[in-house]
Number of protein chains: 2
Amino acid sequence: MNGVSFPPLDAETKVSERPHDHKDELRLWLRFLSCNVLIEGNIRRRLRDKFDMTLPRFDLLAQLDKASAGMKLGELSQRLMVSNGNVTGLVERLVAQGLVDRQVAANDRRSHLVKLTAEGRRTFRAMAAAHEIWIAEIFGELTSGERANLMQLLAKVKKSAAKMTAAKD
Amino acid sequence: MNGVSFPPLDAETKVSERPHDHKDELRLWLRFLSCNVLIEGNIRRRLRDKFDMTLPRFDLLAQLDKASAGMKLGELSQRLMVSNGNVTGLVERLVAQGLVDRQVAANDRRSHLVKLTAEGRRTFRAMAAAHEIWIAEIFGELTSGERANLMQLLAKVKKSAAKMTAAKD
DNA sequence: TGAAGATGCTTTAAGTTAAAAGCATTTTCC
DNA sequence: GGAAAATGCTTTTAACTTAAAGCATCTTCA
């Protein structure tokens with residue numbers, strides 16, 4: 001100790017009021033990132049090896065599986081949180097694979113309705129069952145109490161991140 | 001209640017022993033993913049708008065900033081957890097931008113040593129200071145207790161994910 | 001009605017990414 | 001020393017991704 005005293009820091013102290021000492025938050029973000037890289041990399045590899053499928057296409061199929069009436073491309077891009085152009089390409093490849101079907105909407109000829117084909121549904125269900133187990137293998141190492149705890153902390157993080165994104169600064 | 005009784009589930013129950021009911025873990029993963037998309041998207045946008053920089057290049061510069069003696073391409077790809085070919089391209093663009101310098105290693109002509117240029121270091125430091133504040137804005141909404149809690153839970157997740165990845169099944 | 005704007009999607013340009021094959025150099029081992 | 005294997009990196013190919021510009025269609029409103 002050098003005798004210099006610092007103002008007390010607590011949860012209410014705003015970021016801007018303590019411009020230094022953000023190493024804590026940074027470490028947390030880095031750990032978050034490495035979890036994400038590890039898990040996503042794992043899931044991508046297994047989807048490719050076992051089903052010859054990519055994660056973005058799997059995610060798109062998952063959305064369609066929940067919407068039996070089909071979805072418009074714009075809805076898909078919102079749900080998946082990716083750009084419009086991105087969805088165009090993904091759907092193209094899934095149509096080529098015979099897993100989804102795309103047709104012009106009845107009432108608006110700009111709009112296209114995308115649906116799972118019978119084969120698409122069958123294929124997706126098989127992949128989803130495996131995927132669920134892979135995820136459970138990872139997060140199942142936490143107790144259900146820890147999972148609830150993590151779920152709640154991530155809710156806070158998500159809320160905070162969403163606010164930040166909306167601010168657009 | 002229908003009178004059917006299920007075996008009790010606790011933290012020790014293995015995933016394979018309860019093949020259904022992984023919805024809990026799946027929801028947790030989906031929430032994790034949306035946090036990641038939101039935060040990363042935010043950081044990418046700001047790096048681009050304020051510094052005309054991409055996140056992968058920023059990450060690479062961050063590694064170099066910690067290694068004053070420079071790093072080999074292979075080290076970089078390990079630390080960044082990306083492929084070799086990926087690093088080749090990123091370094092190429094950073095050299096073109098004048099932010100890093102690449103030269104053949106003295107003792108091994110297969111190997112190349114990559115270093116920050118003076119401008120690279122200056123540029124990175126400015127970006128890193130802003131980046132640190134952006135991250136703090138997001139994670140600073142948690143109390144320091146919550147951050148410690150989250151840090152510890154993610155340590156468990158990371159360990160579990162690393163084990164999974166090593167298994168290669 | 002009919003121009004102006006909004007909306008839904010596609011195209012384009014640039015970047016990131018992995019896997020696999022390839023090339024040069026170094027190391028190992030006989 | 002020299003063949004064989006390992007190592008470090010690059011190239012190739014294919015996929016994903018965004019932002020921005022573009023095209024077709026629909027809606028609004030004077």
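Only heavy atoms go into these numbers, but all of them, side chains included; no hydrogens, no water, no symmetry mates. A, B, ... follow the sequence lines: proteins, then strands. Residue 1 opens every chain.
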Mind checking side chain to side chain donor-acceptor pair (under 3.5 Å) for A:Arg27 and listing every partner two or more places apart, or none if nothing turns up? none
Enumerate the ring-ring contact (aromatic ring centres under 6.0 Å, His included) contacts for residues 139-159 of chain A, please, sequence neighbours excluded, ordered by first and then second residue. none
Please report the distance, rounded to the nearest Å, between CD1 in A:Ile43 and P in C:dA18. 16 Å
Test item: A:Asn84 and A:Leu73 side chains (from C-beta on) under 4.5 Å apart, heavy atoms: no
Please work out if A:Thr88 contacts a base, only the sugar-phosphate, or nothing of the nucleic acid, heavy-atom cut-off 4.0 Å. base
Set of residues satisfying side-chain contact (heavy atoms from CB on, under 4.5 Å) with respect to B:Arg48, sequence neighbours excluded: B:Arg45
Length of the CG-P vector between B:Leu80 and C:dA18, whole Å: 10 Å
Applying ring pair (Phe, Tyr, Trp, His ring centres under 6.0 Å), can you list everything that pairs with A:Trp29, at least two apart in sequence or on another chain? A:Phe32
For nucleotides 17-21 of chain D, give me every protein contact, N/O to N/O, under 3.5 Å, one pair per line with atom names.
residue, atom, partner, partner atom, Å
D:dT17, OP2, A:Asn86, OD1, 3.4
D:dT17, OP2, A:Asn86, ND2, 3.3
D:dT17, O5', A:Asn86, ND2, 3.0
D:dT18, OP2, A:Ser83, N, 2.8
D:dT18, OP2, A:Ser83, OG, 2.9
D:dT18, OP2, A:Asn86, ND2, 3.0

Listed once per pair and sorted, the side-chain hydrogen bond (donor to acceptor under 3.5 Å, both in side chains) pairs that draw on residues 98-107 of chain B, sequence neighbours left out: B:Asp101-B:Gln103
Counting only heavy atoms not in B:Glu119 (residues, nucleotides, ligands), do more than 12 fall under 6.0 Å from its CD? yes
Could you work out, with side-chain contact (heavy atoms from CB on, under 4.5 Å) as the rule, every residue matching A:Asn149, not counting sequence neighbours? A:Gln152, A:Leu153, B:Asn149, B:Leu153
Atom-pair distance (CG on A:Leu55; C1' on C:dA18), nearest Å: 14 Å
A:Leu76 CG to C:dT10 C1': how many Å, rounded? 15 Å
Protein-nucleotides 26-29 of chain C N/O pairs under 3.5 Å:
residue, atom, partner, partner atom, Å
C:dT26, OP1, B:Arg109, N, 3.2

Whole angstroms only, please: what is the CD-C1' distance between B:Gln78 and C:dA18? 17 Å
Tell me: CZ of B:Phe58 to P of C:dG15, nearest whole Å? 19 Å
Residues at least two apart in sequence or cross-chain that pass side-chain contact (heavy atoms from CB on, under 4.5 Å) with B:Lys156, listed by chain then number, are A:Leu142, A:Glu146
Near DNA chain C, counting only heavy atoms under 4.0 Å, which residues of residues 64-73 of chain A show up? A:Lys72, A:Leu73
Qualifying ring-ring contact (aromatic ring centres under 6.0 Å, His included) pairs with a residue from residues 50-97 of chain B, counting only residues at least two apart or across chains: B:Phe58-B:Phe124, B:Phe58-B:His131
Check the phosphate of C:dC9 against A:Ser111, side-chain N and O only, distance under 4.0 Å to OP1 or OP2. Yes or no? yes
Look at B:Arg57 and C:dA14 and indicate whether a side-chain polar atom (N or O) is within less than 4.0 Å of OP1 or OP2. no
Among pairs that include at least one residue of residues 57-67 of chain A, which meet side-chain hydrogen bond (donor to acceptor under 3.5 Å, both in side chains), considering only residues two or more places apart or in two chains? A:Arg57-A:Gln97, A:Asp65-A:Arg121, A:Asp65-A:Arg125
